[in-house]
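Since the structure comes first, as structure tokens, the remarks are kept for the end.
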Amino acid sequence: MTTSRVIPTEPVHSDPGDAPRFAVISGDQVSAALEGREKQIVELVEASYRLHASGDSVNPPSYFLRIPDKPTSRIIALPASMGGQTRVHGLKWISSFPENVAAGIPRASAVLILNDHDTGYPFSCMEGSIISATRTAASAALAADWLTRGRPRPTRIGFFGVGLIARYIHTFLAGTGWSFDEIGLHDLSADSAAGFRGYLEDSGFSNRITVHDNAEQLIRSSDLVVFATVAAQPHVSDPSWFDHNPLVLHISLRDLAPEILLGSTNIVDDVEHCLRANTSPHLAEQLTGDRKFLAGTLSDVMNGQLAITADRPLVFSPFGLGVLDLAVGKFVYDEVLRSGNLHVINDFFHELRRYG
Ligand SMILES: NC(=O)c1ccc[n+]([C@@H]2O[C@H](COP(=O)([O-])OP(=O)(O)OC[C@H]3O[C@@H](n4cnc5c(N)ncnc54)[C@H](O)[C@@H]3O)[C@@H](O)[C@H]2O)c1
């Protein structure tokens with residue numbers, strides 16, 4: 001008995017009344033659909049932020065499942081709904097088990113479920129960790145672009161924490177036209193630093209790569225600093241390390257002590273989302289009792305409502321929005337459908353007649 005069939009290019013519901021279909025998309029297919037599409041995905045993420053800012057999306061708070069006997073781990077549910085042309089609902093269910101890395105598999109694993117706009121039926125379940133890393137890196141590249149407009153682009157980048165997310169961010173920066181004279185790396189793990197250096201060399205980067213044992217040196221020698229650690233609480237607290245006013249992509253959200261944010265211009269992706277779950281901006285709010293330290297959102301910058309000056313460090317802290325996962329996931333679904341390789345699970349929905 002076959003368990004799946006390949007649907008050439010038909011949409012999920014060809015006619016009203018048709019049995020809903022359900023397709024599974026593997027990581028291999030997700031990767032193939034996204035490869036080399038950095039510019040297109042950054043544009044998609046920009047459009048999704050604009051849609052979210054216009055109110056044509058629903059993005060409730062993420063739910064964090066914590067596991068008592070695994071205190072460093074969590075599984076997060078990110079439900080969302082998008083209007084616009086995407087018109088899809090869905091859920092990303094993403095695990096973070098940092099100890100996986102020592103066991104030789106990535107920290108994060110995920111599935112993304114897409115639900116049909118009209119019927120609510122789930123129509124696809126796809127490998128989600130690549131989509132998650134892709135939308136995170138695309139959002140970082142988008143922010144780096146918008147937050148440096150009108151002044152020279154940084155040419156010295158420093159990666160603080162060099163795992164999978166740092167690799168995707170580098171790929172997205174390189175794939176959207178950034179070039180660097182110098183790349184600095186800092187990681188608690190010498191193996192991670194060596195692995196990232198190897199990735200950079202394989203990707204064709206031939207300028208200077210410096211592995212810094214010392215965090216201060218990495219920050220002071222970088223005009224663009226990317227935090228992608230798994231730190232649960234702040235471990236960088238000296239504001240003087242940022243005296244040269246770098247752009248900081250604070251992707252891992254919990255590295256910077258509130259004092260550093262209070263001396264910086266702070267941009268987030270979504271205020272309500274970001275001021276939760278003991279992120280550094282959340283700690284700054286708890287310390288000051290207000291949100292005056294926030295300049296605004298990336299959408300404010302893109303809409304021309306917020307001008308950026310270079311006289312302070314500039315920190316972008318993106319909580320990561322489910323709508324971005326949906327946008328990238330729907331893009332992948334459409335690509336796989338178009339390629340004629342959509343694996344539909346036969347008879348996935350079985351109880352389709354109300355009275356049997
Ligand atoms: N904001 C978002 O939208 C978003 C999305 C996805 C991932 N993330 C975050 O990105 C981070 C990185 O994810 P990943 O998949 O690359 O993880 P990873 O485990 O592959 O890599 C993390 C690296 O950070 C290093 N590290 C940990 N603590 C450090 C410290 N204090 N100083 C220096 N190095 C340190 C580790 O040794 C490891 O090499 C995670 O915190 C994750 O939650 C954020």
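Quick caveat: nothing in here was measured; it's all calculated off a predicted structure. Position 1 is the first residue of the sequence; numbering continues from there. Every number for a ligand or one of its atoms is a count from 1 in the order of the listing.
- The shortest heavy-atom distance from Arg135 to ligand 1 is under 4.0 Å.
- Counting protein heavy atoms only, atom 16 (O) of ligand 1 is closest to Ile165 N, 2.8 Å.
- Of the protein's non-hydrogen atoms, the one nearest atom 17 (O) of ligand 1 is Arg107 NE, 3.0 Å.
- For ligand 1, the atoms closer than 4.0 angstrom to any heavy atom of Gly320 are 3 (O).
- Taking only nitrogen or oxygen atoms, main chain and side chain alike, Leu164 reaches within less than 3.5 Å of ligand 1.
- Contact check for Pro281 versus Val271: no side-chain heavy atoms found under the 4.5 Å cut-off.
- Shortest contact from atom 36 (C) of ligand 1 to any protein heavy atom: Asp187 OD1, 3.4 Å.
- Taking every non-hydrogen atom of Ser192 and a distance limit under 4.0 Å, the qualifying atoms of ligand 1 come out as 39 (O).
- When all heavy atoms of Val323 and Ala80 are compared, the pair lying nearest together is N-CB, 3.7 Å.
- Residue Ala166 has no nitrogen or oxygen atom sitting less than 3.5 Å from a nitrogen or oxygen atom of ligand 1, judged on distance alone.
- Aromatic ring orientation, His273 versus Phe319: tilted (interplanar angle from 30° to 60°).
- Residues Arg21 and Tyr121 form no side-chain contact, since every pair of their non-hydrogen atoms from C-beta on lies 4.5 Å or further apart.
- Checking only distances, Ala231 never comes within under 3.5 Å of ligand 1, N or O to N or O.
- Gly120 approaches Asn115 most closely through the heavy-atom pair O-ND2, 2.8 Å.
- Distances below 4.0 Å separate heavy atoms of Phe319 from the following atoms of ligand 1: 1 (N), 2 (C), 3 (O).
- For atom 43 (O) of ligand 1, the closest non-hydrogen atom of the protein is Arg74 NH2, 3.1 Å.
- Given atom 44 (C) of ligand 1, the protein heavy atom at minimum distance is Ile251 O, 3.3 Å.
- The protein non-hydrogen atom at the shortest distance from atom 34 (N) of ligand 1 is Leu188 N, 3.3 Å.
- Between the side chain of Asn100 and the backbone N or O of Pro106, at least one donor-acceptor pair lies under 3.5 Å.
- The closest approach between a heavy atom of Ala108 and any atom of ligand 1 is not below 4.0 Å.
- No side-chain heavy atom of Asn245 sits less than 4.5 Å from a side-chain heavy atom of Leu314.
- His117 is not listed as a side-chain neighbour of Val88, based on a closest heavy-atom distance of 4.5 Å or more.
- Judged by distance alone, the side chain of Ser132 and the main-chain N or O of Ser129 form no donor-acceptor pair under 3.5 Å.
- Of all atoms in ligand 1, numbered sequentially from 1 with element shown, those under 4.0 Å from a heavy atom of Gly161 are 24 (O), 34 (N).
- Backbone and side-chain nitrogen or oxygen atoms of Val101 are examined, and none is located within less than 3.5 angstrom of a nitrogen or oxygen of ligand 1.
- The shortest distance between side-chain heavy atoms of Arg107 and Phe97 does not fall below 4.5 Å.
- In this structure, the protein non-hydrogen atom closest to atom 5 (C) of ligand 1 is Thr136 OG1, 3.0 Å.
- Counting the atoms of ligand 1 from 1 in the order shown, those under 4.0 Å from a heavy atom of Phe160 are 32 (N), 33 (C).
- Distances from ligand 1 to the non-hydrogen atoms of Ser132 include no value under 4.0 Å.
- Of all heavy-atom pairs between Ser73 and Glu99, the closest is OG-OE1, 4.1 Å.
- Between Ser252 and ligand 1, no pair of N/O atoms sits closer than 3.5 Å.
- Checking only distances, Thr229 does come within under 3.5 Å of ligand 1, N or O to N or O.
- Remark: minimum distance from atom 22 (C) of ligand 1 to any protein heavy atom is reached at Ala228 O, 3.6 Å.
- Put simply, the residue from Phe196, Phe227, Phe160 that forms a ring-ring contact (aromatic ring centres under 6.0 Å, His included) with His186 is Phe160.
- Residues Leu249 and Val226 form a side-chain contact, since some pair of their non-hydrogen atoms from C-beta on lies under 4.5 Å apart.
- Below 4.0 Å from some heavy atom of Pro318 lie the following atoms of ligand 1, by number and element: 1 (N), 2 (C), 3 (O).
- A heavy-atom distance below 4.5 Å is found between the side chains of Met126 and Ile131.
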